[in-house]
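Worksheet: the structure to be examined is printed underneath.
Numbers for residues simply follow the sequence, beginning at 1. All ligand and atom numbering here is 1-based and tracks the order in the structure.
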Amino acid sequence: MKEQKYPLTWKKKDFSIKIFCSIPNIATGILIKAGKANFVVDPGDGILRDLNSEEGTKQILKISDIFITHGHHDHVGGVWSLLTYLRVMRKSLPLTIHYPKGCVEIESIYNAFEHVYLNTIPYKITLRRIEDIKSFNSKNVTIKPFPVIHKEFLNDGSKRQVPAIGYKFTYDNKKICYGGDTAYCDTLVRHARNADLAIIEAGHEDDEPDDMHMTLKEAKSIGKTAKEYFLVHVPG
Ligand SMILES: [Zn+2]
Ligand SMILES: [Zn+2]
């Protein structure tokens, strides 16, 4: 298995991405910069440590948007510490958290955070539940959400689809496509094609395709249709 050397970085003029980490069941953590905007995508455990060592407080305070692909702990585990850090450091600019409809993890973390800190939060937080695949803009970036296939096991061994989406970020005519966790699916195939950068998970342990993650072969076949690609979420 190809070893991942994190952080993975990519930059085209003032549009850049840093993937601090992407290890299945452990953590994910991604920072996108577009002009003066700082976006965080899938802040798993360790996001604050990585942002602090790579970017510093000033850049962390500038984060305007958090994008969540789905509620699994390796993608949202750092949300609480990030929100709390921003409170302690007196963030003043507003923060929007985008997440797929039905992602109760984000709503629960936010509700608990608001309950605990009530009137002592110095910045405005907006929860933006994504219910459809319409594009929207933030800070001169166009964001296109798209549904993906990602399942999890229940106690009886059966599986259920979790609310899960990928995102395509377009800035200055450059496109970054991030599928989050997903099995092979047409929406990802479509959005990754001709993207300037595709970030594709290859989280499946063996070579037999399933409906939770992609095999290395599936991930590469999609990645190759983009101008450049990273394979992430590869089991260690
Ligand atoms: Zn994951
Ligand atoms: Zn997942």
Taking the six-membered ring of F136 as reference, does the NZ or CZ atom of R128 fall below 6.0 Å from its centre and within a 45° cone about the axis? yes
Quick one: which residue pairs count as a side chain to side chain donor-acceptor pair (under 3.5 Å) with a foot in residues 35-48, not counting sequence neighbours? N38-Q59, D42-T69, D42-H75, D42-Y178
Just checking, is any N or O donor in the side chain of T142 or N137 under 3.5 Å from an acceptor N or O on the other one? yes
Side-chain H-bond candidate by donor/acceptor type, E152 with H72, under 3.5 Å: yes
Distance-only donor-acceptor pairs under 3.5 Å for side chains of residues 218-225, two or more places apart:
unit_1 : atom_1 : unit_2 : atom_2 : d
E218   : OE1    : T215   : N      : 3.0
S221   : OG     : E218   : O      : 2.8
T225   : OG1    : I222   : O      : 2.7

Listing protein N, O or S under 2.8 Å around the Zn ion (ligand 1) gives D74 OD2, H75 NE2, D181 OD2, H233 NE2
With ILVMFWY side chains joined below 4.5 Å, transitively, what does I26's cluster contain besides itself? I23
